[in-house]
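See below for the structure under consideration.
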Amino acid sequence: MAKAILGKKLGMTQYFKDNGELVPVTVVEAGPCVVTQIKTTEKDGYNSVQLGFGEVKKHRLNKPELGQFESRDLEPKKHLREFKGLDMELSEGSEIKADLFEVGEKVNVSGISKGKGFAGNIKRWNHHSGPMSHGSHFHRAPGSIGAVDARRVYKGFKMPGRMGHDRVTERNLEIVKVDVERNVLLISGPVPGAKKTVLEIKSADNN
């Protein structure tokens, strides 16, 4: 069954499974989310479900953003995301919580990775460094950047530049624990982003 929810990364910790295995887990506040819009092929040209997550004050939204919620008699939400291919029974105004998932399920988690700022080619692309001897004068420089006759740098060439702050998806992570009272999921391993990063959690069969 293809299902999805929005969440917020709270941090990492360790968790003992029932068999005594110690696993590193990411703590995610999953929901509650509200279905803010259901798009259909007849009206919008495609099928999708839009979820809203996080509280926000009305004065922080502009009129078009606020009107989307007022027309459906819904409380404003800070983050909105669309999901395609869901086969959940939903209607506008429905609430989704962490109990949507069960222990042992596999999920794909998407988010914006940590920004690293400007990075050299060795850190950014794992290039080799030059000789480290005192007189080489060539340690961490990029070196040759290609053919002379082209008289330009080829598009996509691996060079120093901005690193991180990209959309990243970690696939086939296991749900280790579901805390229904706190709306918290413990997900095995690391997920993209720093603390408070908004995450999209989808069942692994929903690519």
Side-chain angles (χ1 to χ4, degrees), residues 1-41 44 46-56 68-69 72 74-114 165-207:
M1 178 179 179
K3 46 193 177 181
I5 195 172
L6 290 176
K8 180 171 65 175
K9 181 176 178 179
L10 300 180
M12 291 196 69
T13 185
Q14 296 175 328
Y15 182 78
F16 282 98
K17 289 186 175 181
D18 293 336
N19 60 3
E21 180 186 359
L22 179 64
V23 292
V25 294
T26 302
V27 184
V28 178
E29 179 187 345
C33 295
V34 174
V35 179
T36 54
Q37 187 178 3
I38 294 180
K39 296 189 176 182
T40 60
T41 305
D44 304 285
Y46 64 98
N47 294 318
S48 73
V49 176
Q50 185 187 77
L51 299 182
F53 172 69
E55 303 300 325
V56 64
Q68 177 179 352
F69 297 103
R72 295 175 173 83
L74 298 173
E75 286 296 318
K77 296 297 178 182
K78 187 173 184 179
H79 307 286
L80 297 176
R81 297 289 190 278
E82 277 190 17
F83 297 92
K84 294 182 179 180
L86 303 184
D87 51 14
M88 304 158 56
E89 293 294 332
L90 297 171
S91 60
E92 291 182 356
S94 299
E95 192 173 62
I96 301 174
K97 295 185 178 181
D99 57 4
L100 178 70
F101 293 99
E102 298 177 356
V103 173
E105 281 192 70
K106 299 287 186 176
V107 294
N108 298 336
V109 182
S110 302
I112 303 299
S113 63
K114 290 182 179 180
H165 200 68
D166 296 315
R167 180 179 168 84
V168 177
T169 300
E170 291 290 339
R171 300 184 181 276
N172 294 315
L173 303 179
E174 182 184 354
I175 300 290
V176 176
K177 184 179 179 181
V178 179
D179 190 332
V180 179
E181 294 182 1
R182 301 179 182 177
N183 267 322
V184 165
L185 297 176
L186 299 187
I187 303 176
S188 64
V191 300
K195 293 179 181 179
K196 298 185 179 181
T197 296
V198 175
L199 303 171
E200 300 172 18
I201 305 167
K202 298 178 284 187
S203 51
D205 57 347
N206 181 27
N207 297 317

- Message: With a sphere of 6.0 Å drawn around NE2 of His165, does it hold more than 12 non-hydrogen atoms of other residues, nucleotides or ligands?
- Response: no
- CD of Glu170 to OG of Ser110, rounded to nearest 0.5 Å, is 9.5 Å
- So with a 6.0 Å cut-off around CD of Glu21, is the heavy-atom count from everything else above 12? yes
- Note on the structure: Looking only at heavy atoms, the pair that brings Gly52 and Leu80 closest together is CA-CD2, 3.6 Å
- Item | Expected output: side-chain Ser188 to main-chain Glu174 donor-acceptor under 3.5 Å | yes
- Task: Could you tell me whether the side chain of Val176 reaches within less than 4.5 Å of the side chain of Val103, counting heavy atoms only?
- Result: no
- Can you tell me how far OG1 of Thr36 sits from CG of Leu51, rounded to the nearest 0.5 angstrom? 6.5 Å
- Item | Distance, nearest 0.5 Å, that separates NZ of Lys3 from CD1 of Ile201 | 12.0 Å
- Glu82 CD: over 12 foreign heavy atoms closer than 6.0 Å: yes
- Note on the structure: To the nearest 0.5 Å, atom CZ of Phe101 lies from atom NZ of Lys202 at 10.5 Å
- Given the rule in the side-chain contact (heavy atoms from CB on, under 4.5 Å) test, do Val109 and Thr169 qualify, once you have shown the distances and angles that lead to the verdict? CA-CA 6 Å; Val109 182; Thr169 300; over 6 Å; no
- Mind listing the closest non-hydrogen atom pair of Val178 and Ala98 along with its distance? CG1-O, 3.7 Å
- Message: So which atom in Lys84 and which in Asn47 form the shortest heavy-atom distance, rounded to 0.1 Å?
- Response: CG-O, 3.7 Å
- Message: Would you compute the distance between atom OG1 of Thr197 and atom NZ of Lys195 and round it to the nearest 0.5 angstrom?
- Response: 11.5 Å
- Ion pair Glu55/Lys78, N-O distance below 4.0 Å: no
- Message: With heavy-atom distances below 4.5 Å as the criterion, would you say the side chains of Lys77 and Gln50 are in contact?
- Response: no
- Message: As a quick check of understanding, evaluate side-chain contact (heavy atoms from CB on, under 4.5 Å) for Phe83 and Leu6, giving each step before the final call.
- Response: CA-CA 10 Å; Phe83 297 92; Leu6 290 176; 3.9 Å; yes
- Message: Looking at Arg72, I'd like to know if its CZ atom is crowded, meaning that more than 12 non-hydrogen atoms belonging to other residues, nucleotides or ligands lie closer than 6.0 Å.
- Response: yes
- Query: Is there a side-chain contact between Lys8 and Phe53 (heavy atoms, below 4.5 Å)?
  - Reply: yes
- Task: Locate the shortest heavy-atom distance separating Asp44 from Ile38; write the atom from each residue and the value.
- Result: OD2-O, 4.5 Å
- Message: How about NZ on Lys114, more than 12 heavy atoms from neighbouring residues, nucleotides or ligands closer than 6.0 Å, or not?
- Response: no
- Task: Could you tell me the separation between the CD1 atom of Ile5 and the CD atom of Glu29, rounded to the nearest 0.5 Å?
- Result: 10.0 Å
- Item | Residue pair Arg81 / Val198, side-chain heavy-atom distance below 4.5 Å | yes
- Query: Where do Val168 and Pro192 come nearest, in terms of heavy atoms and distance?
  - Reply: O-CG, 3.4 Å
- Message: Heavy-atom count check: over 12 atoms from other residues, nucleotides or ligands less than 6.0 Å from Lys97 NZ?
- Response: no
- Query: Would one find more than 12 heavy atoms of other residues, nucleotides or ligands at under 6.0 Å from atom CG of Asp18?
  - Reply: no
- Heavy-atom pair of closest approach, residues Val49 and Leu90: CG1-CD1, 3.9 Å
- Query: Between Lys9 and Gly193, is there a donor-acceptor pair closer than 3.5 Å when you use the side chain of the first and the backbone of the second?
  - Reply: yes
